[in-house]
There are 2 protein chains.
Amino acid sequence: MAATIKDIARLAGVSPATVSRVLANKTAFYGPATAQKVQAAALKLGYRKNTAAAELVTQRSNVIAVVVNSVKTNFSSQIITGIQDTAAAHGLNVIIVYAGIVDPEAQRKALLTVIERPVMGILLLSINLTPENLALLQGAQTPYCFLSIAFDDGDLPSIASDDWQVGYEATQTLLKAGHRKIGLAAVDSDSHTGRFRLAGYESALRDAGVTPQADWVQPGVYSYAAGREAMAAYGATSGLTGVVAGSDMAAIGVLNQSRDLGLRVPNDLSIVSIDGTEMCELVQPQLTSVSQNFYDMGAAGVRQLLEPDKQSQQVTPIRVVDRQTVRVL
Amino acid sequence: MAATIKDIARLAGVSPATVSRVLANKTAFYGPATAQKVQAAALKLGYRKNTAAAELVTQRSNVIAVVVNSVKTNFSSQIITGIQDTAAAHGLNVIIVYAGIVDPEAQRKALLTVIERPVMGILLLSINLTPENLALLQGAQTPYCFLSIAFDDGDLPSIASDDWQVGYEATQTLLKAGHRKIGLAAVDSDSHTGRFRLAGYESALRDAGVTPQADWVQPGVYSYAAGREAMAAYGATSGLTGVVAGSDMAAIGVLNQSRDLGLRVPNDLSIVSIDGTEMCELVQPQLTSVSQNFYDMGAAGVRQLLEPDKQSQQVTPIRVVDRQTVRVL
DNA sequence: TAAAATTAAGCAAACGTTTGTTTAATTGGT
DNA sequence: ACCAATTAAACAAACGTTTGCTTAATTTTA
């Protein structure tokens, strides 16, 4: 139904080869008059290029695929904006596919949709692949890079914040304000990210002469619910004066749960959040946070795909931004 | 570099045709022994199908493209989940591309990435196309459907809430609670959506015997900033006791601005939000909202693509969910 | 003015699949 | 034991492009 290059060729009275060349703006191989005719014919027929066919023969593609793990968190929007802008600057297109957060089968399907078609590179946002799916990804000849997640295996290309430092600086922010009894909420205990944040947290405590207590840390999956649960576990009488939350969502969870427990933030409890998305400024009081540079992660991700020679594990800087949830004692 | 069907054929000692058939699980045309050999060879070579090539010959695709306008609002996540689930149930894949919210050129590029490759259908989330870009979309032979947006032109297929009803019910919620002086904040005055919400708002007022006042409506683009600006424009002494906000984000804007103005919600000012995303329950006090059924919009969208015979303008139901921002007078 | 150089356009192969048609081999029925 | 019917596999065309090579026509150069 749709017009092809051959239809144009017929209408303009030239060969498909010539049509291809003028439509691709090749510099030579045809005269101005032919160009006119071809352009006119293409317009008249409402021609749309079949990119799949073109990619098939050229064996290259200009699309970057982004795999994201969940629709929930919205820090991904900043990364995607970074990807989008940088990709556009290089004449690349971006498509996004959702993989389930845990379901390996959904993960596999998302990966396949991406691998089984010609893409220039794959960016994985905060995705933890099962070993089988990782093998699948590596089996494809496509360059890839993990974003906002790091691994113990140093060979996997990734761009993320230094999680140890994140944990350290979040904790230190509270220590500097005079807090001694500090909780760590809704950080998972399984992943690289969680373990390093925990280590950073404990180091900061020790460097300040505070001995970490086991019941100060309430692990969780970084979600709003996890934040609430962690805070509920602490209860109103834990003696904690500050909490580091694993994400903005988690921080809002501890914030709201604190309120339910009759605790006022920051008067009775100080909170430092991790991420620093726009959410921090939407809630009351505004969340003091260790802010990650998500936009740059995205930008660095596409650059990494373009020049795979670079070092594989990159780190983007963080900074703490002081808002309203830390009270200095 | 990547293994093709021919490589498998060579390794297994059969023809490419046979390989294609066993890999596609065709029922006949080959024996169990050959099937074994082919499977083994495919596995050994780490074969990945080239979907683009397959789509080229079959002239059909099983991917749905979703065009979203901005990374900001997160109501889209619910629609996308609806799309995703329904698509998966039909064996379809989903890819997402971002179009700029206003920039026609970005819009055009996003549209082209989608049109110029074989997709089964296109879903446009809350996208307002320029006339040229609309023509572009219609020129493609691909079925499409707009989601969460409606048009004056009744021929454009769309699935959305009844915006008049949204405006009406939001306003009525406040009227029922005894409010008489009610504002409408951060609803735009240009689009179909904005005009109909405004009309619904005014009808509700009139039906209750209240004469709408011009300075009760402060138009805006549904954003957090627009909410803040609208509330700032009202000021602390407007006499308004209730405000209908154009979106959850806008509602949070009026909420926070109210606080800055020294107004307590809902004691001094009641708020009804429009959308009903998870944001409503994250802020304090939790936002009473006219909630849209975004998940169903997404689901209905993919069904619409599959059966284009259906009526083109569909409406999904809304419901008001009472939370904590409406005070009964 | 003839040969060389340049320009303009067409030919045809290739990319990796799918699938209708053909051919070869095996089985079954009588 | 012969022919029909069935099964198994290969052949080859097609999908819509791109691009190296060839050919034809025109212009330049000496």
Side-chain angles (χ1 to χ4, degrees), chain A residues 1-39 41-42 45-63 112 115-120 140-142, chain B residues 1-39 41-42 45-63 112 115-120 140-142:
Chain A
M1 198 68 256
T4 76
I5 222 176
K6 290 181 190 170
D7 300 321
I8 299 179
R10 205 172 311 124
L11 182 59
V14 300
S15 75
T18 302
V19 174
S20 172
R21 288 192 245 252
V22 354
L23 258 27
N25 282 317
K26 297 281 188 214
T27 44
F29 297 112
Y30 57 88
T34 346
Q36 291 289 344
K37 277 191 303 183
V38 170
Q39 300 283 12
L45 294 175
Y47 171 75
R48 289 289 117 223
K49 169 187 199 161
N50 183 330
T51 304
E55 286 173 343
L56 185 57
V57 31
T58 60
Q59 299 283 74
R60 75 187 101 88
S61 163
N62 72 337
V63 354
L112 283 181
I115 289 181
E116 292 189 344
R117 68 194 71 224
V119 300
M120 202 231 80
Q141 76 293 20
T142 315
Chain B
M1 200 67 257
T4 75
I5 221 176
K6 290 182 191 170
D7 300 321
I8 298 179
R10 204 172 310 123
L11 182 59
V14 299
S15 75
T18 302
V19 173
S20 172
R21 288 192 243 253
V22 353
L23 257 26
N25 282 315
K26 298 280 189 215
T27 45
F29 297 111
Y30 57 88
T34 350
Q36 291 289 343
K37 276 191 302 183
V38 169
Q39 300 283 13
L45 295 176
Y47 170 75
R48 288 289 118 222
K49 167 186 199 162
N50 183 330
T51 304
E55 287 173 343
L56 185 56
V57 31
T58 60
Q59 298 285 74
R60 75 187 102 88
S61 162
N62 72 336
V63 354
L112 283 181
I115 289 180
E116 292 190 344
R117 69 193 69 224
V119 301
M120 202 231 79
Q141 76 294 19
T142 315

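So that the names make sense, note that chain A is the first sequence line, chain B the second, and so on, each numbered from 1.
In this structure, the side chains of B/V119 and B/T142 come closer than 4.5 Å at one or more pairs of heavy atoms.
Between B/A35 and B/Y30, the shortest heavy-atom contact is CB-CE1, 3.8 Å. In terms of heavy-atom proximity, A/Y47 sits nearest to A/I5 at CE1-N, 3.8 Å.
By the side chain to side chain contact (heavy atoms under 4.5 Å, CB included) test, A/A12 pairs with A/V14, A/K37, A/V38, A/A41, sequence neighbours left out. Listed by chain and residue number, B/E116 satisfy the side-chain hydrogen bond (donor to acceptor under 3.5 Å, both in side chains) test with A/R48 (two or more places apart in sequence, or in another chain). A/S15 pairs by the side-chain hydrogen bond (donor to acceptor under 3.5 Å, both in side chains) definition with A/T18, not counting sequence neighbours. Checked against side-chain hydrogen bond (donor to acceptor under 3.5 Å, both in side chains), A/T34 has no partners two or more places apart in sequence or in another chain. Remark: B/S61 engages B/E55 in a side-chain hydrogen bond (donor to acceptor under 3.5 Å, both in side chains) (not counting sequence neighbours). The side chain to side chain contact (heavy atoms under 4.5 Å, CB included) search around A/A9 returns A/P16, A/V19, not counting sequence neighbours.
Residue-to-nucleotide proximity on DNA chain C shows that, of B/V19 and A/T58, the 5′-proximal contact is made by A/T58.
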Atom pairs, N/O to N/O, protein against nucleotides 21-25 of chain C, distance under 3.5 Å?
none

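At whole-Å resolution of the value, CZ in B/R10 and C1' in C/dG16 are 13 Å apart. Across the protein-nucleic acid pair, A/K6 atom NZ and C/dA9 atom C1' stand 18 Å apart, rounded to whole Å. Summarising the geometry, the separation between CG on A/N25 and P on D/dT18 is reported as 12 Å, rounded to the nearest angstrom. Remark: P of D/dC15 and CD1 of A/I5 are 14 Å apart, rounded to the nearest angstrom. Rounded to whole Å, atom C1' of C/dA8 lies 16 Å from atom CD of A/Q36. Atom P of nucleotide D/dG16 and atom CD of B/E116 are separated by 15 Å, given to the nearest angstrom.
The side chain of B/Q59 places no N or O atom within less than 4.0 Å of a non-bridging phosphate oxygen (OP1 or OP2) of C/dT18. For D/dT18, the OP1/OP2 oxygens have a side-chain nitrogen or oxygen of A/S20 closer than 4.0 Å. Taking 4.0 angstrom as the limit, A/S15 places none of its side-chain polar atoms (N or O) nearer than this to OP1 or OP2 of C/dC11. Between B/T34 and D/dA8 there is no side-chain N or O to OP1 or OP2 distance below 4.0 Å. For the OP1/OP2 pair of D/dT19 and a distance below 4.0 Å, the side-chain nitrogens and oxygens of A/R60 include at least one atom meeting the criterion.
Sorted by residue number, the members of residues 47-57 of chain B with any non-hydrogen atom under 4.0 Å from DNA chain D read B/L56, B/V57.
Legend: salt bridge (charged side-chain N to carboxylate O under 4.0 Å, His left out) pairs involving residues 10-19 of chain A, not counting sequence neighbours, sorted by first then second residue: A/D7-A/R10.
If you take CG on A/L56 and CG on A/N50, they are separated by 9.5 Å, rounding to the nearest 0.5 Å. Taking CG from A/L45 and OG1 from A/T4, the interatomic distance works out to 9.0 Å, rounded to the nearest 0.5 Å.
Among the heavy atoms of the strands, none lies under 4.0 Å from B/R117.
In the helix from C/dT1-D/dA30 to C/dT30-D/dA1, the end axes, each obtained as the rotation axis mapping the C1' atoms of four pairs onto the next four within a five-pair block, lie 40° apart to the nearest 10 degrees.
For A/P32, whose side chain is taken as the heavy atoms from C-beta onward, the closest listed nucleotide among C/dA8, D/dA10, C/dA12 is C/dA8.
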